[in-house]
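Computed from a predicted model, the values in this text were never measured in an experiment. Excluded from the calculations below are hydrogen atoms, water molecules and symmetry mates; all remaining heavy atoms, backbone and side chain alike, are included.
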Amino acid sequence: MQTVTQFKTSLNDSEPDAGLTVQLKSLWYDAKGNWDLAHAQVDHLSDPESAWVHAYLHRKEGDTGNADYWYRRAAQRRPAVSLQEEWTALVDHFLHG
């Protein structure tokens, strides 16, 4: 999978592609409307990449304080963009990072 469009197309599948990183699996489950399973993918991880996805998920949840904690752990700032724009940027980053 090389593009955000291909990633979005994969949302028609019942399961994420087995080759996806844990961060992309989390974003896949989030896009499918399963926040709990998305969160479970990264909740136990402490690396900066997972912390960034974790931050996004808590921002989406509406828990800004917790989100900001995870953004700091990821060495990122909470973006001033919509959740959809952040999701797309994250997917693009993890597909090409």
Side-chain angles (χ1 to χ4, degrees):
M1 195 169 313
Q2 297 181 352
T3 68
V4 173
T5 301
Q6 289 171 328
F7 187 85
K8 287 179 178 179
T9 300
S10 80
L11 296 172
N12 294 320
D13 300 336
S14 59
E15 296 292 327
D17 185 281
L20 293 179
T21 64
V22 67
Q23 295 85 12
L24 286 168
K25 284 181 184 176
S26 178
L27 294 164
W28 190 91
Y29 284 117
D30 173 64
K32 293 284 278 187
N34 193 336
W35 187 94
D36 291 326
L37 193 50
H39 186 256
Q41 303 299 305
V42 295
D43 187 41
H44 62 288
L45 302 173
S46 59
D47 62 281
E49 295 82 13
S50 298
W52 194 6
V53 175
H54 202 163
Y56 157 79
L57 290 169
H58 282 294
R59 177 177 174 234
K60 183 173 186 176
E61 178 189 36
D63 188 348
T64 305
N66 200 4
D68 286 345
Y69 166 81
W70 287 104
Y71 282 117
R72 285 190 301 276
R73 295 273 313 259
Q76 300 290 330
R77 290 179 172 256
R78 181 172 15 110
V81 299
S82 72
L83 288 166
Q84 185 59 45
E85 288 172 303
E86 183 178 11
W87 182 91
T88 301
L90 285 166
V91 169
D92 187 58
H93 172 80
F94 290 115
L95 284 173
H96 300 108

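- W70 is listed as a side-chain neighbour of N66, based on a closest heavy-atom distance under 4.5 Å.
- Considering every non-hydrogen atom in both Q23 and E49, the closest pair reads NE2-CB, 3.7 Å.
- For D68, the salt bridge (Lys or Arg N to Asp or Glu O under 4.0 Å) criterion is met by R78, not counting sequence neighbours.
- Residues W28 and K8 fail the side-chain proximity criterion, which asks for heavy atoms closer than 4.5 Å.
- Residues S26 and A38 share a closest heavy-atom pair of OG-O, 2.8 Å.
- Atom NZ of residue K25 and atom CD of residue E15 lie 9.5 Å apart, to the nearest 0.5 angstrom.
- A distance-only check finds a donor-acceptor pair linking the side chain of H96 to the backbone of Q2 [under 3.5 Å].
- S50 is listed as a side-chain neighbour of V22, based on a closest heavy-atom distance under 4.5 Å.
- Within the 4.5 Å cutoff, the side chain of S10 has no heavy atoms near those of the D17 side chain.
- Aromatic pair W87/F7: centroids less than 6.0 angstrom apart.
- Separation of atoms CZ (R73) and NE2 (H54) is listed at 9.5 Å; rounding is to 0.5 Å.
- At distances below 3.5 Å, at least one donor-acceptor pair connects side-chain atoms of T9 with backbone N or O atoms of T5.
- Shortest non-hydrogen contact noted between L57 and W35 is O-NE1, 2.9 Å.
- Looking at Q41 and D30, their side chains never come closer than 4.5 Å, going by heavy atoms from C-beta outward.
- When the side chains of ILVMFWY residues are joined at heavy-atom separations under 4.5 Å, either directly or via intervening members, L37 and L20 end up in a single hydrophobic cluster.
- In this structure, L95 and T3 have side chains that are not in contact, with every pair of non-hydrogen atoms separated by 4.5 Å or more.
- Checked against side chain to side chain contact (heavy atoms under 4.5 Å, CB included), P48 has no partners two or more places apart in sequence or in another chain.
- When side chains are defined from C-beta on, L11 counts as touching K32, because their heavy atoms get closer than 4.5 Å.
- Residues that satisfy the side chain to side chain contact (heavy atoms under 4.5 Å, CB included) test with E86, not counting sequence neighbours, are W52, Y56, R59, Y71, P79, V81, L83, L90.
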